[in-house]
Each structure stands twice: as structure tokens, then as C-alpha cells.
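These notes are about the structure you will find just below.
Both backbone and side-chain heavy atoms feed into the values below; hydrogens, waters and symmetry mates do not.
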Amino acid sequence: MKEDLFPDEITITDCPESAYISLHRMSYTQKGINKNWDFIKVHDSVAVILADTLRSELILVRQFRPPVFLREKTGITYELCAGITDKDLSPEETVREEIQEETGYSVRTEDIERITSFFTAVSFAGSRQTLYYAEVDDSKRTGSGGGVGTERLEVIRLPFSEIHSFMMDESKPKTPGLLFGLIWFIQNKL
């Protein structure tokens, strides 16, 4: 059976310019040694741990990620609901919008709890991700989720009782932000 999120045709080409990333080189001297470091500039992002406490489940998403495909040939990753901060919105408004678009839940910004922020991909991008927490239930479900425009993702539910085994299951590619979020959830909410 073919994975529904997997693309049909794949080609790889050079990317001379992008609305999302730009390639740079920093030259500097450190303790008398000349060095160069290549990196990309990217947008910062937000992510949210979504808990359906009535069902004792976390709401996650799965989607195709080309860099993971190139490395592992699976390409399908498990992630928190997340998005880049590329609009004229506050981070909390961005989180609220991403929750609606990706998972189909409507959450008020005042019901979104900021946890912390951290840097991701520090060796080549150094973008900041801010992590949030929100609770949802069937009364907040206003759509099916799955993304907007050309975005294609699947909403999945992770029972609280399976968090530990999920974290250690290397057959399910996941991001460090997701793993950190799961640890935070276990320590603070479970």
C-alpha cells in the first residue's frame, strides 16, 4: 500500500532563490584563526503541544519532508502542529491560525500557554522556535484540518499511555521539538 502523504513524482534541482531560505557565508577570525561558516537564514517558528484531555490523547501531525526523504527514504515525519512566523501576526495568533489550519480545532489566543523558546538547526540555520501548550476537545473542532493551499498533512492522535514507546520508536521520524514537547508534557501535565 502506498503512503497517502508520499508524492508521486520527485525531481531535485538547484534552488537559486527562495521566499523561505537564503544561503550565506560568515568569515571571521577566532583566536587568530581565519574561519568560514556557511549557513541559511530562515524564518523563526512556533509549535504547540495540543492535548485532548478528555480523550487522554495528544494531537500531532504527519507530513512529507523532502530532506528526510533524501536521508532515509521515508520522508514522512511526526511533528507538533507548527508554522513559520512570516506574517504580520503575534506568535500566539500564528499558533492559533496553525492549530485551525493543520488540525481543525479553534482555540482562543488567551487559552494558549507559552512554554519557552529554543534554537533549532544551530549548525546551519539557528532559527528560534517558540513552544506553546493548548487543550482541545470535540467542542473546539470546527474543521478537518490537514493544512491549507498546497500543504498536505495528516492529523494523528497519540494516546497518553503510548507517549514513552512513541518517543523511542526510531521507525517514526520525529523532530527534536516534538521530543522536547513530549518530555515537557510528561513532566508538567501528565
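The local environment of NZ in Lys189 is crowded, with over 12 non-hydrogen atoms from other residues, nucleotides or ligands closer than 6.0 Å. Around atom OH of Tyr20, no more than 12 heavy atoms belonging to other residues, nucleotides or ligands sit under 6.0 Å away. The neighbour count for Arg157 CZ, taken as heavy atoms of other residues, nucleotides or ligands under 6.0 Å away, is above 12. More than 12 heavy atoms of other residues, nucleotides or ligands lie within 6.0 Å of CD in Glu110, so this atom counts as buried by the packing criterion.
Counting all heavy atoms, side chain and backbone alike, Ile183 lies closest to Met167 at CG1-CE, 3.5 Å.
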Quiz item: Checking side-chain contact (heavy atoms from CB on, under 4.5 Å) for the pair Val107/Val48: CA distance, chi angles, key distance, verdict?
Solution: CA-CA 11 Å; Val107 178; Val48 60; over 6 Å; no
Practice problem: Go through Leu70 and Ile12 one step at a time and tell me if the side-chain contact (heavy atoms from CB on, under 4.5 Å) criterion holds. | Solution: CA-CA 10 Å; Leu70 291 174; Ile12 300 171; 3.2 Å; yes
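Side-chain N or O atoms of Asp14 include none that pairs as donor or acceptor with a backbone N or O of Pro16 at under 3.5 Å. Counting only distance, with no hydrogens or angles, the side chain of Arg96 and the backbone of Glu98 share no donor-acceptor pair below 3.5 Å. A donor-acceptor contact shorter than 3.5 Å is absent between the side chain of Lys140 and the backbone of Arg108. Counting only distance, with no hydrogens or angles, the side chain of Lys35 and the backbone of Ile33 share no donor-acceptor pair below 3.5 Å.
Ion pairing between a basic and an acidic side chain is recognised when a charged N comes within 4.0 Å of a carboxylate O; Glu79 and Arg65 show such pairing.
Remark: Phe69 engages Phe6, Phe64 in a ring-ring contact (aromatic ring centres under 6.0 Å, His included) (not counting sequence neighbours). Phe185 pairs by the ring-ring contact (aromatic ring centres under 6.0 Å, His included) definition with Phe160, not counting sequence neighbours.
For the 3.5 Å distance criterion, the side chains of Glu93 and Thr109 fail to qualify, holding no donor opposite an acceptor. Checking Ser127 against Asp44 by side-chain atom types alone, no donor-acceptor pair falls below 3.5 Å.
Using a 4.5 Å cut-off between side-chain heavy atoms of Ile, Leu, Val, Met, Phe, Trp and Tyr, with links allowed through other members, Phe39 and Tyr28 fall into the same hydrophobic cluster. Clustering ILVMFWY residues whenever any of their side-chain heavy atoms sit less than 4.5 angstrom apart, transitively, puts Ile115 in the very cluster that holds Leu190.
In summary, of the residues considered (Thr103, Leu153, Val155), a side chain to side chain contact (heavy atoms under 4.5 Å, CB included) with Cys81 occurs for Thr103 alone.
Proximity of Lys87 to Thr94: side-chain heavy atoms (C-beta onward) are nowhere separated by under 4.5 Å.
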